[in-house]
Amino acid sequence: MRYLVTAALPYANGPLHIGHLAGAYLPADIFARYLRLRGEEVLFICGSDEHGVAITLRAWQERTTPQAIIDKYHPLLEESLRRLGISLDYYGRTTDPLHHDLSQRFFLRLLEKGWLEKRKVEQFWDPQASTFLPDRYIVGTCPHCGYEEAYGDQCEKCGALLSPADLIHPRSRLTGTPPEKRLSEQFYLRLDALQPLVEAYVSRCHWKPNVGPVIQNWLRAGLAPRAITRDLDWGIPVPLPDMAGKVLYVWFEAPLGYISITQRWAASRGAPHRWADFWLNPDTRIIHFIGKDNIVFHTLLFPAILIAADEGYTLPAAVPANEFLNLEGQKISTSRRWTIDIHEYLRAAPHRLDELRFVLTALMPQTRDRDFTWEEFASRINNELVATITNLIHRILTLLWRYGGEATVIPEGKLLHTRAESARTIGARLEAYDFSGALEAILHLAQLANKGLTESAPWHLPPEKAVGVVASYADLLAAMGTLLEPFMPLHVAPKLREQLGVDLLNWRRLEDPTPLLSSIKLKAAPQPLVPKLSPDELRSMQTQLLPTAPASASPSVAYISIEEFQKVQLQVVTIRSAERIPKSDKLLKITIEAADGTHTVVSGIAQHYEPEALIGQQAIWVANLAPRTLRGVSSEGMLLFAEGEGGKLIRVAPETPVPPGSPVQ
RNA sequence: GGCGAGAUAGCUCAGUAGGUAAGAGCGCAGGAUUCAUAAUCCUGAGGUCGCGGGUUCGAUUCCCGCUCUCGCCA
């Protein structure tokens, strides 16, 4: 079978982050590597998406040209992917003349076939920047709540959904000047007319459960004609004499990049016609790996364009879209700098790349959004990758080394069957695009091996017997050298094969319960494949990679009015006595002196303060909190403590002592 | 506002074409072990499967409503 595997074309106006990696590039790479290991013919391509209004706007913001923007990011994107081991056969770009040519021919072909129509539309124009503005690049006063920084599509303050025309005093986010309305004529793709053909295609395919409903949703609502041209000076010119100043819409031409990049790959190999093996051949399976934001474009718009051209193009066989990866509970956001960028990770932890691949595969957002936390990053590496997988490898290799490093391998049948079954399971899960499930199966295999080793306990056997037992596990290690390759091809898998002295094997062989090798000879004392991630190393990575705190950036602060705040009566009090409450390990009974005499307060601070240390100290007291009985003691109000690192409580008090009962304002 | 997705053990997630054992990994507790990067193995505790209704002999699983999160569209 011949496969064309693609990963979403990254937009050349910013760096890649771990969410992109987990969403599209990593699964695509694992899949492509797996197919190659099975001996399939695979072409794996990607490239920079270099057109579109966001690049123009970015150029304006940075006071430079679109060309300068893409020339900065195109190499950065390619290097990021390559260094993470994304095994692309070709990384292209949509400013390639081949791509321009192809896109223009597609446009003309669709025009000729009657699938395009002209329409007049009103758009907003920034006269100073000489560019049309997308809705969200227009700000103004919200007509509902009066918020002055509402966006043209939505008011962040009151949540109202707006269109730019609703805004009072609209202005351009780029220049601050009021935008002008301009009428212009654009070409629309008749998706409405193409819908029956698209539906026929969609119904022939099998979609992932997170993809199918999205498609059905669109089809049920009915596809609408979609503008495929724009008034911009950056992009692929509309190839018609009377259309100066108009370019093709980026979502019209970017997917065609999959074709043009294949053409460029073929040309680079000196066989220009070979692109047709993939794109004009129904026996080729085309598989697009993307994030969920691209589902519609890949499952409906792109197939619609290919169908409309009516020239026998191969349609996508599968679009295994992933959901999004969050970071420490919040959306990844480049503009808020809440992100782990790949090029920065490469700089901060160049020797921890397979580890990143491992964790992102385990956390892959295959059916729903997932959350990346540094804590989990460390725990997955230390407890799963190192403790279970690479420790098993090291365990077996050191045993072998101890018994001479050389042996005949006669694996027992049970071990061979376990290995073969695992290889089949892992393969089946990869073919179902269940990458984290495949990784789980590897962990499971390692657990079975650890268990078997513990049970047979060769270290208790006389050496001449022990060698044979340990050597039988060499078959498993030889298999691991290949099984791990799709997931961790940069260091772990090749290093294992090197220590073992075996090559990559064909995956199909792993699925057979026949021995993979007859003898084993280690050349050197084994070294651990992956060092554990120490708390220090983790902290250092965190500080390098997450320079800004995100919490304050959250727009959803629940404001209260001054009147509401004044309802809370705060006083400085002096603590007169403090004692533990019996049968409670957290509560202290505290007597305080306030403006109107003494009161009793119960505080859950026994694990942070010795009672004696509090006596005579001052604190802040919430005087009008409704009384409550805790462990039989009536608590009148509450003392304030700051929550420090690790949940440690620290008393809040005036800087210098004041008379008890002094108000806090 | 319309549409869609999600809400399951402390954490990250599977799962159930409706039915007496609700699962994994991590974490935690106890035990075993010491070949291995204090790694491994065994045992165990932990869940009114988001909230409220309904259908049913029976619902975490179906239907309706609600809340929260996310996405798409306008």
Side-chain angles (χ1 to χ4, degrees), chain A residues 23 135 144 152-155 159-166 208-224 226 291-297 299-300 321-326 328-332 359-360 362-403 429 434 436-437 439-444 446-461 463 466-467 469-470 473 525-534 556:
Chain A
D135 289 358
H144 301 280
D153 52 353
Q154 183 169 28
C155 172
L161 293 143
L162 308 169
S163 71
D166 298 335
K208 273 178 65 181
N210 62 324
V211 175
V214 177
I215 298 173
Q216 289 311 325
N217 191 18
W218 276 76
L219 292 176
R220 212 179 311 121
L223 299 180
R226 196 170 180 110
K292 67 174 163 182
D293 50 341
N294 286 352
I295 288 175
V296 176
F297 303 109
T299 59
L300 298 174
N322 276 341
E323 305 286 298
F324 286 162
L325 188 69
N326 292 329
E328 300 281 359
Q330 295 192 40
K331 261 205 292 193
I332 295 180
V359 173
L360 292 182
L363 289 175
M364 201 166 276
Q366 292 170 168
T367 56
R368 57 160 117 165
D369 290 358
R370 293 274 218 127
D371 195 33
F372 176 98
T373 65
W374 283 110
E375 193 188 342
E376 185 160 6
F377 175 78
S379 111
R380 294 256 183 196
I381 290 174
N382 290 338
N383 302 326
E384 293 182 4
L385 175 56
V386 176
T388 307
I389 297 178
T390 61
N391 178 59
L392 169 75
I393 292 166
H394 190 58
R395 193 182 184 193
I396 296 169
L397 290 176
T398 38
L399 277 170
L400 257 177
W401 185 252
R402 161 182 299 216
Y403 296 127
R429 290 187 182 174
D434 178 10
S436 54
L439 196 58
E440 260 175 46
I442 290 185
L443 279 161
H444 185 64
Q447 280 170 349
L448 290 179
N450 265 322
K451 189 172 174 171
L453 207 55
T454 301
E455 279 167 5
S456 55
W459 45 90
H460 282 159
L461 301 174
V467 188
V469 174
V470 176
Y473 282 87
Q527 297 295 320
L529 290 175
V530 179
K532 279 202 150 195
L533 191 67
S534 71
S556 57

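In what follows, every chain begins at residue 1, and chains take the letters A, B, ... in the order their sequences are listed.
A:Leu223 has its CG atom 14 Å from the C1' atom of B:rC72, to the nearest Å. The nearest whole Å value for the distance from the CG atom in A:Asn326 to the P atom in B:rG6 is 16 Å. In this entry the distance linking CG of A:Asn450 with P of B:rU34 reads 16 Å, nearest Å. At whole-Å resolution of the value, CD in A:Glu384 and P in B:rU40 are 11 Å apart. Rounded to whole Å, the distance from CG on A:Asn391 to P on B:rU40 is 6 Å. Spacing between atom CD of A:Glu328 and atom C1' of B:rC11 amounts to 13 Å, rounded to whole angstrom units. Rounded to whole Å, atom P of B:rA39 lies 17 Å from atom CD1 of A:Ile393. Atom-to-atom, CD of A:Glu323 to P of B:rU69 comes out at 18 Å; the value is rounded to the nearest Å.
In this structure, A:Val296 reaches neither bases nor backbone, as no heavy-atom distance under 4.0 Å exists between it and the strands shown. The residue A:Val386 sits close to a base: some heavy atom pair falls under 4.0 Å. Residue contacts for A:Gln447: at a heavy-atom cut-off of 4.0 Å it reaches the sugar-phosphate backbone alone, with no base atom in range. At the heavy-atom level, A:His444 lies nowhere under 4.0 Å from the strands shown. Looking at heavy-atom distances under 4.0 Å, A:Gln216 makes no contact with the nucleic acid at all.
Regarding contacts with the backbone of B:rU37, a side-chain N or O of A:His394 is found under 4.0 angstrom from either OP1 or OP2. The side chain of A:Asn383 places no N or O atom within less than 4.0 Å of a non-bridging phosphate oxygen (OP1 or OP2) of B:rG25. At B:rA39, one or more side-chain N or O atoms of A:Lys532 fall inside 4.0 Å of OP1 or OP2 (strictly under the cut-off). Taking only side-chain nitrogens and oxygens, A:Lys331 comes nearer than 4.0 Å to OP1 or OP2 of B:rG71.
Comparing the same atom, P, in B:rG27 and in B:rC64 gives a spacing of 42 Å after rounding to whole Å. Taking the C1' atom of each, B:rA9 and B:rC73 are spaced 37 Å apart, rounded to whole Å. Taking atom C1' in both B:rC49 and B:rA36, the straight-line distance is 40 Å, to the nearest Å. A distance of about 15 Å separates the P atoms of B:rG47 and B:rU8, rounded to the whole Å. Rounded to whole Å, the C1' atom of B:rU33 lies 7 Å from the corresponding atom of B:rC41. B:rU61 and B:rG19: their P atoms are spaced 11 Å apart (whole Å). Spacing of P atoms, B:rA38 relative to B:rU20, comes out at 45 Å, to the nearest Å. Rounded to a whole angstrom, the distance from the P atom of B:rG6 to that of B:rG15 is 10 Å.
Looking only at side-chain heavy atoms (C-beta outward), A:Thr454 and A:Arg395 come within less than 4.5 Å of each other. Between A:Leu325 and A:Leu360, some side-chain heavy-atom pair lies under the 4.5 Å cut-off. Side-chain contact check for A:Val359 versus A:Phe372: some heavy-atom pair is nearer than 4.5 Å.
No N or O donor and acceptor, one from the side chain of A:Arg402 and one from the base of B:rC35, sit under 3.5 Å apart.
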Detail all sub-3.5 Å separations between protein N/O atoms and N/O atoms belonging to nucleotides 12-15 of chain B.
| unit_1 | atom_1 | unit_2 | atom_2 | d |
| --- | --- | --- | --- | --- |
| B:rU12 | O2' | A:Arg370 | NH1 | 3.0 |
| B:rC13 | OP1 | A:Asp371 | N | 3.4 |
| B:rC13 | O5' | A:Arg370 | NH1 | 3.4 |
| B:rA14 | OP1 | A:Thr367 | OG1 | 2.4 |
| B:rA14 | OP2 | A:Arg368 | NE | 3.0 |
| B:rA14 | OP2 | A:Arg368 | NH2 | 2.4 |

message: In dot-bracket form, 5' to 3', how is RNA chain B paired? Count Watson-Crick and G-U wobble pairs only if both distances fall under 3.5 Å, and write | where the partner sits on another strand.
response: (((((((..((((.....[...)))).(((((.......))))).....(((((..]....)))))))))))).
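Comparing A:Leu453 and A:Asp293, the nucleotide of RNA chain B nearest to each residue sits closer to the 5' end for A:Leu453. Both A:Leu529 and A:His460 sit near RNA chain B, but only A:His460 has its closest nucleotide nearer the 5' end.
Dense packing is recorded around NZ of A:Lys208, with more than 12 heavy atoms of other residues, nucleotides or ligands lying under 6.0 Å away.
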task: Go through A:His394 and A:Leu529 one step at a time and tell me if the side chain to side chain contact (heavy atoms under 4.5 Å, CB included) criterion holds.
output: CA-CA 7 Å; A:His394 190 58; A:Leu529 290 175; over 6 Å; no
field: CA sep, side-chain torsions, deciding dist, call: A:Arg380, A:Leu363, side chain to side chain contact (heavy atoms under 4.5 Å, CB included)
entry: CA-CA 10 Å; A:Arg380 294 256 183 196; A:Leu363 289 175; 4.2 Å; yes
- request: Verify side chain to side chain contact (heavy atoms under 4.5 Å, CB included) between A:Leu533 and A:Val386, making sure each step is shown before the conclusion.
  value: CA-CA 9 Å; A:Leu533 191 67; A:Val386 176; over 6 Å; no
message: Before you tell me yes or no, could you show the steps for A:Tyr473 and A:Leu392 under side chain to side chain contact (heavy atoms under 4.5 Å, CB included), namely the whole-Å CA-CA distance, both residues' side-chain angles and the distance that decides it to 0.1 Å?
response: CA-CA 10 Å; A:Tyr473 282 87; A:Leu392 169 75; 5.8 Å; no
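A:Thr388 places no side-chain N or O within 3.5 Å of a backbone atom of A:Leu385 that could act as its donor or acceptor partner. Although no hydrogens or angles enter the test, the distance criterion places no donor-acceptor pair under 3.5 Å between the side chain of A:Tyr403 and the main chain of A:Ala466. Within the 3.5 Å criterion, the main-chain N or O of A:Lys532 finds no donor-acceptor partner in the side chain of A:Asn382.
The side chain of A:Lys451 approaches B:rC42 more closely than any other nucleotide in the set B:rU34, B:rC42, B:rA39. Comparing atom distances between the A:Trp459 side chain and each of B:rU34, B:rG71, B:rU37 picks out B:rU34 as nearest.
Note on A:Lys292 versus A:Asp369: salt bridge recorded, some NZ/NE/NH1/NH2 to OD/OE distance being below 4.0 Å.
For B:rG25, the O4'-C1' to base torsion is more than 90° from 0; the nucleotide is therefore anti.
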